[in-house]
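If you read the sequence from its start, that first residue is 1, and numbering goes on from there.
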Amino acid sequence: FEAASGKQIPAQISSRRDGDIAECYADPAKARQQLDWRATKTIAQACEDAWRWQSDNPTGYSIK
């Protein structure tokens, strides 16, 4: 997100908080196998898209 936003993001390494999961992994193999789905964007492209959307919609989705 630093690269996507062009801003330095302060970070602090600390212990887990109550309720935080210890580890999280994602493997798209099951989606490929069952849904014939493949990612079309890199992580960098996904971060750029997410940053662009949030910048254009700072309050999230608006209900009209």
Looking only at heavy atoms, what is the nearest atom pair of K41 and D49, with distance?
CE-OD2, 2.8 Å
Between Q54 and N57 (side chain of the first, backbone of the second, donor and acceptor by atom type, cut-off under 3.5 Å), is there such a pair?
yes
Salt bridge (charged side-chain N to carboxylate O under 4.0 Å, His left out) against R16, all qualifying residues, sequence neighbours excluded
none
Measure across S55 and P58 and return the closest heavy-atom pair with its distance rounded to 0.1 Å.
O-CD, 3.7 Å
Do F1 and I43 sit in one hydrophobic cluster, given that two such residues count as connected whenever their side-chain heavy atoms are within less than 4.5 Å of each other, even indirectly?
no
Which atom pair, heavy atoms only, marks the closest approach of A4 to W51?
O-CD1, 3.9 Å
